[in-house]
Q: 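Got a structure for you, written out below as structure tokens; questions coming shortly.
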Amino acid sequence: MGVHADHRGRGFGTAITLAGAARLREMGASSADVATPSSNTGGVATYVAAGMSVLGEVHDKRRG
């Protein structure tokens with residue numbers, strides 16, 4: 001989910017997220033997970049505003 005920079009801060013992202021969650025619920029889903037980088041503060045804020053919880057970070061495995 002993304003919102004063009006010209007339209008940010010108006011609640012569109014939260015509304016889209018809530019609509020998506022409602023549709024998933026109608027289809028029988030009991031939960032939804034979202035994965036976004038913690039550095040994406042706007043994205044994290046959108047999901048939290050839609051009622052989701054931050055459960056912690058999962059770090060990618062990489063070879064040194």
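In what follows, residues are counted from 1 in the order of the sequence shown. Small disclaimer: the values here were computed from a predicted structure and weren't measured.
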Q: For Met52 and Thr17, work out which heavy atoms get closest and say how close.
A: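 Between these two residues, the closest heavy atoms are CE-CG2, 4.1 Å.
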Q: Linking Ile, Leu, Val, Met, Phe, Trp and Tyr by side-chain heavy atoms under 4.5 Å, what else ends up with Val54?
A: Val44, Val48
Q: Apply salt bridge (charged side-chain N to carboxylate O under 4.0 Å, His left out) to Arg10 and list each qualifying residue two or more places apart in sequence or on a separate chain.
A: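 Salt bridge (charged side-chain N to carboxylate O under 4.0 Å, His left out) check on Arg10 returns nothing, list empty.
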Q: Donor-acceptor pairs under 3.5 Å, side chain of residues 28-39 to any protein atom, not counting sequence neighbours: which ones?
A:
from: Thr36; atom 1: OG1; to: Asn40; atom 2: ND2; distance (Å): 3.1
from: Ser38; atom 1: OG; to: Glu57; atom 2: OE2; distance (Å): 3.1

Q: Looking at residues at least two apart in the chain, or sitting in another chain, which of them share a salt bridge (charged side-chain N to carboxylate O under 4.0 Å, His left out) with Glu26?
A: Arg23
Q: Looking at Ala49 and Thr14, what are the two nearest heavy atoms and their distance?
A: CB-OG1, 3.7 Å
Q: Tell me the side-chain hydrogen bond (donor to acceptor under 3.5 Å, both in side chains) pairs involving residues 44-54, sequence neighbours left out?
A: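 Checked against side-chain hydrogen bond (donor to acceptor under 3.5 Å, both in side chains) - neighbours excluded - no pair reaches residues 44-54.
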